[in-house]
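The chain is numbered in sequence order, starting from 1.
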Amino acid sequence: MKKILITGGAGFIGSHVIRRFVNKYPNYQIVNLDALTYAGNLENIADIQNKSNYTFIKGDIVDADFINELFIEHQFDGVLHLAAESHVDRSITDPLAFVKTNVIGTMNLLNAAKTIWKDNYSGKRFYHISTDEVYGSLGETGLFTETTAYDPNSPYSASKASSDHFVRAYGETYGLPYVITNCSNNYGPNHFPEKLIPLFINNIINKKALPVYGDGKYTRDWLFVEDHAIAIDLVFHEGKNHETYNIGGFNEWQNIDLVKLLCRQMDQKLGRSEGESEQLITYVKDRPGHDLRYAIDASKINKELGWSPSVTFEQGLEKTIDWYLSNEDWLKRVTSGEYQNYYEKQYK
């Protein structure tokens, strides 16, 4: 019997990881710790909330005393740390919130793991999920590898880079068994509609403007969230201690090309005339520190663990659109804020 703590399990990526672990490993006890901020939604995992091997705890990783008590009570064998502030635009507005959650919160988890495990690290693992944005910006060529020097350009990426460094430092200084993964942009079901794809899906449904930064030629590598959950599962169980693995979708798209593909697929799904949604595209002032291009070299995880994406971007995008169109009530509750009442109804 293993007891695993998953932080941020009510969020976008975390909910897919929680579902996979609860369903795939009935002999594990999975504890989902989430502060239920604006992007945390227990409706994302309502289908597994009554499973016997699943427990939800509302709490904030910034609260060191709470985290220490949690580790003492549950004696976790492993930690999958996904809880984070992750929206670049929000980090520009309120950088200290990102320092508190992404740096201090990670430190609290590291200290609790080190204290409770007391150098008896057999069978233990601290898995830190990070981002490709810590590497900075690429030109028109090249790929991020696990040895690419860190060069963060936004408060968000700087906070994640800092937390990565602290995880590695605890490995080197205290021998803490850790693994780190740095992933590219995720997309898929249950994504809070502040990021590009779910925001634009919602805006197209409601015939609202599609705000594209700058000239729209910023390039990102896109990873289907369910493929990411599979990769996290593999790394947690088969990855080597004190190693980093980059997880990418092998799907580079300029933003404007992605938006036009999304418009075409949405027009087909909604029965609209061809090109109707493209007319909603509006170019807006660029954001500060906007990285030109991210692209991941995921050959290490492919060679060592046999992981590769299961879908093309076009396939994954169609699955994503279908999910949102089939769950418009979820989308309305999220955009209105009504989903935040779910915890009160379910747990109080």
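- To the nearest 0.5 Å, atoms CD1 (I201) and OG (S277) are separated by 11.5 Å.
- At least one side-chain heavy atom of N203 sits under 4.5 Å from a side-chain heavy atom of P211.
- N27 contributes atom CG, which lies 8.5 Å from atom CG of N53 (distance to the nearest 0.5 angstrom).
- Heavy atoms only, all atoms of each residue included: E238 and L305 are closest at O-CD2, 3.6 Å.
- Taking the six-membered ring where the residue is Trp, the centroids of H87 and F192 are separated by 6.0 Å or more.
- Between L70 and I57 the shortest heavy-atom distance is CD1-CD1, 3.5 Å.
- The two residues L331 and P193 have their closest heavy-atom pair at CD1-CG, 4.1 Å.
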Original post:
Should F200 and M266 be marked as a side chain to side chain contact (heavy atoms under 4.5 Å, CB included) after you check the CA-CA gap, both sets of side-chain angles, and the distance that decides it?
Top reply: CA-CA 10 Å; F200 281 25; M266 288 289 290; over 6 Å; no
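- A donor atom on one side chain and an acceptor atom on the other are found under 3.5 Å apart for Y213 and D89.
- Side-chain N/O atoms of S184 and D132 include no donor and acceptor closer than 3.5 Å.
- Put simply, the side chain of D34 never gets that close to the backbone of K58: no donor and acceptor are under 3.5 Å apart.
- The backbone N or O of L280 lies less than 3.5 Å from a partner atom in the side chain of T282, making a donor-acceptor pair.
- Between the side chain of D257 and the main chain of W253, no donor-acceptor pair closer than 3.5 Å is present.
- In this structure, the ring of H128 has its center no less than 6.0 angstrom from the ring center of Y170.
- The closest side-chain donor-acceptor pair between N32 and Y54 falls under 3.5 angstrom.
- Although no hydrogens or angles enter the test, the distance criterion places no donor-acceptor pair under 3.5 Å between the side chain of R19 and the main chain of D47.
- At a cut-off of 3.5 Å, with distance as the only test, a side-chain donor of N44 or W330 sits close to an acceptor on the other residue.
- Between the side chains of T145 and Y135, no donor-acceptor pair of N or O atoms lies under 3.5 Å.
- A salt bridge does not link E338 to K332: none of the charged side-chain nitrogens sits closer than 4.0 Å to a carboxylate oxygen.
- A salt bridge is absent between E226 and K319: the closest approach of a Lys/Arg side-chain nitrogen to an acidic carboxylate oxygen does not fall below 4.0 angstrom.
- In this model, no donor atom of one side chain and acceptor atom of the other lie less than 3.5 Å apart for S15 and N190.
- In the model, R125 has a side-chain atom that pairs as donor or acceptor with a side-chain atom of N241 under 3.5 Å.
- When all heavy atoms of G136 and F144 are compared, the pair lying nearest together is O-CZ, 3.3 Å.
- A 4.5 Å side-chain heavy-atom check between V334 and N202 finds every atom pair outside the cut-off.
- For F224 and H16, the distance between ring centers is not under 6.0 angstrom.
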Original post:
Does the pair H81 and I61 meet the rule for a side chain to side chain contact (heavy atoms under 4.5 Å, CB included), with working shown?
Top reply: CA-CA 10 Å; H81 177 34; I61 59 174; 3.7 Å; yes
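- A side-chain donor from one of D233 and Y25 sits under 3.5 Å from a side-chain acceptor of the other.
- In this structure a side-chain-to-backbone donor-acceptor pair under 3.5 Å is present from D221 to F250.
- For the atom pair CG (L138) and CD (E252), the distance works out to 8.0 Å, reported to the nearest 0.5 Å.
- Atom CG of L223 sits about 8.5 Å away from atom CG of N251, to the nearest 0.5 Å.
- Ion pairing between E133 and K160 fails under the 4.0 Å rule for side-chain N and carboxylate O.
- Remark: side-chain polar atoms of E146 are paired, donor with acceptor, to backbone N or O of N246 under 3.5 angstrom.
- The closest donor-acceptor contact from the side chain of T106 to the backbone of N102 lies under 3.5 Å.
- The closest donor-acceptor contact from the side chain of Y127 to the backbone of H237 lies at 3.5 Å or more, if one exists at all.
- Taking the six-membered ring where tryptophan is involved, the planes of F76 and H74 are essentially parallel, since the angle between them stays under 30° and well short of 60°.
- Between F98 and Y156, the angle of the ring planes goes over 60°, which puts this pair in the perpendicular group of the 30/60° scheme.
- Atom CD of E274 has 12 or fewer heavy atoms from other residues, nucleotides or ligands within 6.0 Å.
- When all heavy atoms of K118 and T115 are compared, the closest pair comes out as CG-O, 2.7 Å.
- Considering CD1 of I197 and CG of N185, their distance stands at 8.0 Å, rounded to 0.5 Å.
- A salt bridge links K207 and E276; the closest N-O separation between the charged side-chain nitrogens and carboxylate oxygens is under 4.0 Å.
- Contact detail for S308 and N302: the closest heavy-atom pair is CB-ND2, 3.8 Å.
- Heavy-atom contacts from other residues, nucleotides or ligands closer than 6.0 Å to NZ of K100 number 12 or fewer.
- Using bins of under 30°, 30° to 60° and over 60° for the plane-to-plane angle, the ring pair Y187/W222 lands in the perpendicular bin.
- If you take CD1 on I321 and CG on L317, they are separated by 4.0 Å, rounding to the nearest 0.5 Å.
- The backbone N or O of V62 lies less than 3.5 Å from a partner atom in the side chain of N108, making a donor-acceptor pair.
- Ring centroid separation for the pair H242 and Y121 does not come in under the 6.0 Å cut-off.
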Subject >> Audit row: L258, R220, side chain to side chain contact (heavy atoms under 4.5 Å, CB included) steps and yes/no >> reply: CA-CA 10 Å; L258 182 159; R220 299 293 182 263; over 6 Å; no
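- In this structure, the side chain of T55 does not engage the main chain of V31 through any donor-acceptor pair within 3.5 Å.
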